[in-house]
Amino acid sequence: MRDNHVGGANVVVLGGGTGSFTLLSGLRQYARLTALVNMADDGGSTGQLRDELGVLPPGDARQCLVALSNSPKVRDLFNYRFDEGSLKGHAFGNLFLTALEKMTGSFADAVALASQVLNIDGRVLPVTLSNVTLCADGADGQPVRGEFFISQQPIAKRPAIWLEPEAQANPAAIQAIMDADMVVVAPGNLYGSLAPILVINKIQQALRQTKATRVFVCNLVTKPGPTDGFSVVDFASEVERLAGGEFLDYVVFNNTKPDSTVMERYAHDGELLVQYDIETLKQQHYQFRAAPLLASRIWQGMQASDPIAQTRSLIRHDSDAVARQLMRIYFA
C-alpha cells in the first residue's frame, strides 16, 4: 500500500549525466530516491581515468551523488574541475571515486563510501559492475564502439545498441526497480545515457515485471543525426524498443517554447525543440502529461576546464516543475 505522505514515494530514476541530475535535484524534496546510473561513459575526465587506471566510469555516479547531497561545500568540491596542470579537466569527485575504487577494489563500495562523505538523501547504484563498452550500428553499417565516439560519429537511424561484453545487472539495481512505487526514465542522450541501462537483459525484465508506475520524461530538444525530427512519440518508442518492448505507463513532456533568441544562442547546431501531436499521443498505449517544464533560466554551470563542455546543452528542464508533475501522477 502506498504511503500518502509525499516523502513515502519510493522513486527510482534511470539514466546518467545532466538528465538524472535535474530530476534528482527536484524529486529529493518529494520522495525517497534511488538513482540507477549507466556505466558506459568514456568521455572527458571519466574516459581518461578508465583508460589510464582501468576503473569503472565515475562521472555519472558523481553527478547523481552531488544532486542528492546535503553538504553544500562538499558538493561544490566534488564538482570542482582543475583548470591547469596535469589534472586539467578532471573533476575532483571523479578522482575521489577512482581512489576509493582502487582502495576498496569495488566500485559499489566506492559509491557507498562517497555517499557517506556527501551525506546524501537516497541511494546511488551502478546499474552494472561489469566493465563494458557501448556499441552501436554506424551510419555506414559498421559498429561504432565507445559512448564518446557514438556521440561524435554518424550512427544509423534507430540503431542496434549493445554492450561488450554483455553486462551483468547489479542485483541491487534489479531489487530497487522491483521495490519501487515509481520508475522514471530520465531525459538524456538516448543512445549514450539511456541505452546502456535499457539494453541490459535483467533490467528489461525488471521494467516489465515491476508493479511500479513507469514514466519517461521526454527530452526537450532533438540531436542532429540520430534523433533528427523525433517527436515525443518517437522518443518514447525508442526507449521501449531499446528496452525490448512496451513497458511505459506515462510519458511527460514540455509544451512551452523558449524565446527564439534563446534557442539561437544556447542550442547547438541542429538542436530543435521536440514536437508533439496530441491526436497521435492519444493513440498510444501509455498516458501522457504535457506541462510547462522548461527552465526559465539558462544553465550557468559550465566550466571552461570541462573537456566535453562544447557537447553539453544549456537548455534544461525545470527540476521542480518536472518533480511536481511526477508526484501528480504518483498520487493520481
Side-chain angles (χ1 to χ4, degrees), residues 9-41 57 59-68 122-127 134 147 151 161 173 176-177 180-200 203-204 206-207 210 212-223 227 230 232 235-236 238-240 242-243 247-254 274 286 288-289 291 293-295 299 301 312-313 315-327 329-330:
N10 181 10
V11 179
V12 172
V13 175
L14 278 65
T18 304
S20 287
F21 178 88
T22 301
L23 260 61
L24 294 169
S25 298
L27 281 167
R28 58 179 297 174
Q29 64 183 311
Y30 299 107
R32 292 177 289 118
L33 296 174
T34 300
L36 302 190
V37 188
N38 98 65
M39 297 300 290
D41 187 10
D60 287 342
R62 169 184 57 83
Q63 288 205 64
C64 291
L65 288 164
V66 166
L68 297 175
R123 297 184 297 166
V124 176
L125 299 174
V127 73
L134 183 66
E147 186 272 337
S151 70
I161 301 279
I177 292 172
D181 296 315
M182 175 178 283
V183 175
V184 183
V185 179
N189 187 305
L190 188 57
Y191 302 115
S193 294
L194 304 183
I197 295 177
L198 297 172
V199 300
I200 298 174
I203 297 293
Q204 294 177 340
L207 288 173
T210 183
T213 302
R214 296 149 300 185
V215 187
F216 169 50
V217 177
C218 190
N219 295 22
L220 293 171
V221 295
T222 61
K223 292 289 185 182
T227 61
F230 267 32
V232 170
F235 271 101
E238 273 297 86
V239 164
E240 293 194 316
L242 292 166
F247 73 93
L248 291 173
D249 299 307
Y250 286 88
V251 172
V252 174
F253 60 93
N254 170 63
V274 175
Y286 47 76
F288 63 90
R289 295 286 186 273
L293 302 180
L294 196 63
W299 186 60
R312 303 189 191 279
S313 179
I315 296 174
R316 300 289 165 93
H317 284 89
D318 180 317
S319 58
D320 188 61
V322 176
R324 285 185 278 110
Q325 283 298 317
L326 293 171
M327 288 300 97
I329 290 172
Y330 173 74

For [X] versus [Y], what's the shortest heavy-atom pair and its separation?
| X | Y | answer |
| --- | --- | --- |
| V199 | Q204 | CA-NE2, 3.6 Å |
| C64 | V37 | SG-CG2, 3.8 Å |
| G17 | D60 | N-OD1, 3.0 Å |
| I177 | T210 | O-OG1, 2.7 Å |
| A40 | L134 | CB-CB, 3.9 Å |
| L24 | A35 | CD1-CB, 3.7 Å |

Do [X] and [Y] make a side-chain contact, defined as non-hydrogen atoms from C-beta onward lying under 4.5 Å apart?
| X | Y | answer |
| --- | --- | --- |
| Y250 | V184 | no |
| L14 | V12 | yes |
| L27 | M327 | yes |

State the [atom1]-[atom2] distance between [X] and [Y], to the nearest 0.5 angstrom.
| X | Y | atom1 | atom2 | result |
| --- | --- | --- | --- | --- |
| T227 | L190 | OG1 | CG | 7.0 Å |
| C218 | F230 | SG | CZ | 10.5 Å |
| F216 | L194 | CZ | CG | 6.5 Å |
| L125 | M39 | CG | CE | 11.0 Å |
| F21 | L68 | CZ | CG | 9.5 Å |
| L220 | L293 | CG | CG | 7.5 Å |

| query | Do E240 and V185 pass the side-chain contact (heavy atoms from CB on, under 4.5 Å) test, and can you show the C-alpha distance, the side-chain angles, and the key distance before you say yes or no? | reply | CA-CA 11 Å; E240 293 194 316; V185 179; over 6 Å; no

| field | From CA spacing to verdict: side-chain contact (heavy atoms from CB on, under 4.5 Å), V239, V251 | value | CA-CA 11 Å; V239 164; V251 172; over 6 Å; no

Just by modelled atom types, is the [Y] backbone N or O under 3.5 Å from a matching donor or acceptor in the [X] side chain?
| X | Y | result |
| --- | --- | --- |
| N38 | I197 | no |
| E147 | Y191 | no |
| D181 | A212 | no |
| R214 | L207 | yes |
| Q63 | S20 | no |

| query | Going through the checks in order, is the side-chain contact (heavy atoms from CB on, under 4.5 Å) test met by T22 and V322? | reply | CA-CA 9 Å; T22 301; V322 176; 5.7 Å; no

| Between D320 and Y30, does any side-chain donor sit less than 3.5 Å from a side-chain acceptor? |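 Note: D320 and Y30 side chains meet the donor-acceptor criterion.
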
| request: Only counting residues at least two apart or in another chain, list the ones meeting salt bridge (Lys or Arg N to Asp or Glu O under 4.0 Å) with R28. | output: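 Partners of R28 under the salt bridge (Lys or Arg N to Asp or Glu O under 4.0 Å) test: D121.
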
| task | Kindly indicate, with the supporting measurements, whether the criterion side-chain contact (heavy atoms from CB on, under 4.5 Å) is fulfilled by V274 and F253. | result | CA-CA 9 Å; V274 175; F253 60 93; over 6 Å; no

